[in-house]
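Just so you know, these numbers use all the heavy atoms, side chains as well, and skip hydrogens, waters and symmetry mates.
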Amino acid sequence: CIFHICKTQRVESSHSLALSSQEEILRVSLSLSGGSTSFRSRCQGKFETFLEGSKMEEIQSQSDLYRSSSSCASSPTSRVPSSHFFYVRKPGSLRQPISFEDSPEWDDPDARMEYEAGGVGGDSINDAAATPISPSLSKINSGSMASPHVPEGAGGSAVRKIAGASIAWRDLTVTMTGKRKYSDKVVKSSNGYAFPGTMTVIMGPAKSGKSTLLRALAGRLPPSAKMYGEVFVNGSKSHMPYGSYGYVERETELIGSLTVREFLYYSALLQLPGFLFQKRGVVEDAIQAMSLSDYANKLIGGHCYMKGLRSGERRRVSIARELVMRPHILFIDEPLYHLDSVSALLMMVTLKKLASMGCTLVFTIYQSSTEVFGLFDRICLLSNGNTLFFGETLACLQHFSNAGFPCPIMQSPSDHFLRAINTDFDRIIAMCKNWQDDNGDFSAVNMDTAVAIRTLEATYKSSEDAASVETMIFKLTEREGTQLKSKGKAGAATRVAVLTWRSLLVMSREWKYYWLRLILYMILTLCIGTLYSGLGHSLSSVATRVSAVFVFVSFASLLGIAGIPSLLKEIKIYGSEASNQHSGAFVFLLGQFLGSIPFLFLMSISSSLVFYFMVGLRDDFSLLMYFVLNFFMCLLVNEGLMLFIACLWRDVYWTTLTLISLHVIMMLSAGHFRIRNALPKPVWTYPLAYISFHTYSIEGLLENEYLGEVFAVGEVRSISGYEAIRGDYQISPDTSSKWRNMLVLLAMAFGYRLIVYVLLRFGLNKNVSARLLLCHRKNNSSR
């Protein structure tokens, strides 16, 4: 009787026995046995054995089902929907949401979209019902899976809502010369839309036009690109003003020596007008929105620190930087770039929470897990610039099923999509077509991607999904809504002050590139001082003193190359901030110049004092102060030269190589190895001797030391310092010439920065750095 009940329960539940059924069987067995303990124990043992065997049969059947479905799903010869596939539409429900036939039952309300006037832009779409999601995602929503930590008071009304905006694009085509091998069209006649409070993802394989489409929507295409078609924001074609949208690059530079809260606060000061206390509140909102409360007081980390934030937290910090402006639309290029599965899921849950606040999210993605895929609202699938589908995520699964490529059971939808449209898999097919595995040939990868792409594109163009997209775009653009307005910018003076203070704070913490550099300067000065100590003030020591001054200026300037990585980091941060209009070329250069003055002056005064007294130069305070100022100007010029070369190349290797070569040439033409009048006129005298800052610095220091000095020759005769040094170094007899040399150094310091301003302002360095980056990538690919 007991095992008859077991068999009955097994028929009713095809997979496993519920716990309640097990208790019912045991209760019946006890009533039949009159409560016998021995019979009860035997019955329970038999039942557990039976239950274990039932589970093993279930796992085996599911495994066989998966192997068979995976094998036939990828074959182009079997393009008919089958019950073996995971995502199929039920018969007779053509316009109903896709059901998961192998999944447990759950409520499946009709997903309806209600279009109504109103909101910020006058046109908005309200999702009246949630789209069915997978069981694992339902655990996230129900609370059984831990969600990102939100501090007390951070949820609900504590975080202010963001007024989103609708965006739509029609027949959008982007051409770029040389971008594609066979065609200049990177994006071809794309249509789509995005609503407030939703996440719209642009998905596709590499070089499919995802990032180009995203930049076209955000109005950030390079000058070489041409865009055709229309982009509507709240129904109008007006350009999105500053502060109304945010754009997050794939790789964003962060300042590792600042904490998360400090970094976002300085970003808010650069972006927002208004008072300081108002910006602190905006920063706290951005921290809570991106679930960064646990990391707010931690250093971001980077090149100077052994440990910092992980890639997932760093990615959320880069997104939070754009949220301080509270944008209506947020564009993100590859939010899951270089993230593991856990960090990717946490990122998407955080973005889903951000979308629920009202923000319109549009981002690109290469591929995702099933859980992450279930969080998307709409998907735009691209392949080689062609739109293969646009619509709701579950409808995309049905689209592939209708085209003859249903998604196999237990396979991620994004993996299945990319498998079907990524032409790189053709090489794998060619490599594996004659191989055998334990279960036969590689039928799971035997799919012609070119045929799949043509079939999917043709099916989409003739489907009701494409017609519904055009209808929705027409509704969104038939009348104009409220235009987005600029939220204002921080003033230029405020930005300069913020960048100066931030540079001072960064320099005080960057021990590897600033304090270590100061230590190197002190070690070099001690070495030179001990080498040339005890020279005395006789006429015979003149040539040795000239050598000491030359070695000090030349090698100290050459040692400044150790600061190249920090300058490259500052240039990259400027590029990231300037792309979003948070900073400008003039503001950046002035803030960097003012911020570097205290540090360079500290290096100049510490090194000059040690050298001056160890070598034993003239004991006069005014002469000592000139020596310090002269060397300080020399460091300013050297810093400007390094900034110019670093901005030109944007690469550590080429910048270092160029600077070392320039310093060696300048040292040779400085007039120490051969007097300047004796140098060959072409090249060495004109222009090298006159553009070498070593020449003016050394000449000024020697004029400061020897003009006005008198050396005795015998007992009755004496000569001036000018006459004594004339055979070793060429200087001017005019006592004011040393100040002219100082002015020349100051002019060179500003001149190099003026050249850098021109490069940054007009982008003249992009061609050089782009060619260098392309060469570097080609070398890596050839390897």
Side-chain angles (χ1 to χ4, degrees), residues 10 13-16 54-94 96-108 131-140 145 203 341 344-345 367-376 379 381 388-389 392-422 425 428-429 432 437-449 452 455-456 459:
R10 184 174 180 180
S13 178
S14 61
H15 299 298
S16 62
S54 176
K55 290 183 177 179
M56 291 301 296
E57 292 179 5
E58 174 196 353
I59 294 174
Q60 183 65 30
S61 62
Q62 292 288 342
S63 177
D64 295 339
L65 180 60
Y66 169 69
R67 281 196 296 266
S68 61
S69 61
S70 299
S71 174
C72 62
S74 300
S75 177
T77 59
S78 58
R79 293 180 182 169
V80 291
S82 171
S83 60
H84 288 170
F85 298 113
F86 196 24
Y87 306 105
V88 294
R89 194 181 297 277
K90 293 180 179 180
S93 57
L94 182 60
Q96 297 297 325
I98 296 174
S99 63
F100 297 74
E101 294 198 352
D102 292 327
S103 303
E105 296 291 338
W106 62 71
D107 293 335
D108 186 16
T131 305
I133 56 178
S134 63
S136 58
L137 291 175
S138 63
K139 292 181 180 179
I140 298 178
M145 184 179 293
M203 181 181 291
S341 58
L345 181 58
Q367 66 183 106
S368 65
S369 62
T370 306
E371 291 81 3
V372 170
F373 180 83
L375 294 174
F376 303 151
I379 180 174
L381 193 62
L388 303 185
F389 179 80
E392 297 182 3
T393 52
L394 293 180
C396 186
L397 292 166
Q398 183 62 39
H399 169 64
F400 270 73
S401 180
N402 294 338
F405 304 99
C407 184
I409 187 174
M410 297 179 66
Q411 184 173 351
S412 171
S414 63
D415 291 340
H416 178 66
F417 297 161
L418 295 179
R419 169 62 192 89
I421 65 178
N422 193 346
F425 279 98
I428 302 178
I429 296 174
C432 301
D437 60 4
D438 296 336
N439 298 320
D441 60 354
F442 281 79
S443 58
V445 297
N446 189 20
M447 177 190 295
D448 190 350
T449 55
T455 304
L456 290 169
T459 304

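At least one side-chain heavy atom of C396 sits less than 4.5 Å from a side-chain heavy atom of F417. Residues I421 and F389 have side chains not in contact (no heavy-atom distance under 4.5 Å, counting atoms from C-beta outward). In this structure the side chain of R419 never reaches within 4.5 angstrom of the side chain of F405, judged on heavy atoms. With contacts defined as side-chain heavy-atom distances shorter than 4.5 Å, the pair S341/S369 does not qualify. At a threshold of 4.5 Å between non-hydrogen side-chain atoms, the residues F373 and I379 count as touching.
With no hydrogens or angles considered, a side-chain donor-acceptor pair links Q398 and N402 at under 3.5 Å.
Annotation: the span from L345 atom CG to L375 atom CG amounts to 6.5 Å, rounded to 0.5 Å.
Closest non-hydrogen pair, L388 versus H399, comes out as O-NE2, 3.2 Å. Closest approach of L456 and A403 over heavy atoms only: CD2-CB, 3.5 Å. Heavy-atom minimum distance, C407 versus L397: CB-CD2, 4.2 Å.
A distance-only check finds a donor-acceptor pair linking the side chain of S414 to the backbone of S368 [under 3.5 Å]. For H416 (side chain) and F400 (main-chain N/O), no donor-acceptor pair under 3.5 Å exists by modelled atom type.
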